[in-house]
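Comments concern the structure below.
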Amino acid sequence: MPNFQHFSVNQLIQLAETNPDIQIVDIRDTASFESANIKGSVNLTNDNLANFIAEADMDQPLIVVCYHGISSQNAAEYLIEQGFDDVYSLDGGYQAWRESES
Ligand SMILES: O=S(=O)([O-])[S-]
């Protein structure tokens with residue numbers, strides 16, 4: 001079984017430019033997600049998790065975003081177990097992303 005990998009904000013920006021098919025899932029709470037999020041990301045919650053897994057393209061890179069890059073590691077591990085091949089945890093989480101934009 002592959003392991004998830006770590007991804008920096010810069011790596012995410014580069015990959016997003018070259019691969020429009022990357023999937024970004026944001027596991028923060030829905031209120032935080034709705035107030036601000038990474039363009040193209042999907043808020044992954046207990047309610048839509050099963051559906052997301054059923055419909056996802058497991059061959060495409062999947063980036064997991066949380067607040068600070070800690071809980072995304074567990075989520076990334078879990079998503080690998082569900083069959084995704086190429087899973088990344090965003091180091092520093094949404095906060096690092098936001099700081100890179102300012
Ligand atoms: O979302 S977090 O676990 O990095 S605080």
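Counting begins at 1 with the first residue of the sequence. Both backbone and side-chain heavy atoms feed into the values below; hydrogens, waters and symmetry mates do not. Atoms within each ligand, like the ligands themselves, are counted from 1 in listed order.
The atoms of ligand 1 that sit less than 4.0 Å from any heavy atom of G69 are 4 (O). Near Y67, with a cut-off below 4.0 Å to any heavy atom, the atoms of ligand 1 are 1 (O), 5 (S). Close approach to C66 involves these atoms of ligand 1, each under 4.0 Å from a residue heavy atom: 1 (O), 2 (S), 4 (O).
Interatomic distance, I38 CD1 to W97 CH2, rounded to the nearest 0.5 Å: 5.0 Å.
Among V87, I53, V64, the one residue that satisfies the side chain to side chain contact (heavy atoms under 4.5 Å, CB included) test with Y78 is I53.
For the pair N48 (side chain) and T45 (backbone), a donor-acceptor distance under 3.5 Å is present. Put simply, the side chain of D29 gets close to the backbone of S32: a donor and an acceptor are under 3.5 Å apart.
Nearest protein neighbour of atom 5 (S) of ligand 1, counting heavy atoms only, is H68 CD2, 3.3 Å. Looking at atom 2 (S) of ligand 1, its nearest protein heavy atom turns out to be S71 OG, 3.5 Å.
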Using atom types as modelled, flag every donor-acceptor pair under 3.5 Å from a side chain in residues 19-27 to any protein atom, sequence neighbours excluded.
residue, atom, partner, partner atom, Å
N19, OD1, D21, N, 2.8
Q23, NE2, D57, O, 3.0
D26, OD1, R28, N, 2.9
D26, OD1, R28, NE, 2.9
D26, OD2, R28, NE, 3.1
D26, OD2, R28, NH2, 2.8

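For the ligand labelled ligand 1, residue G93 lies outside the 4.0 Å heavy-atom shell.
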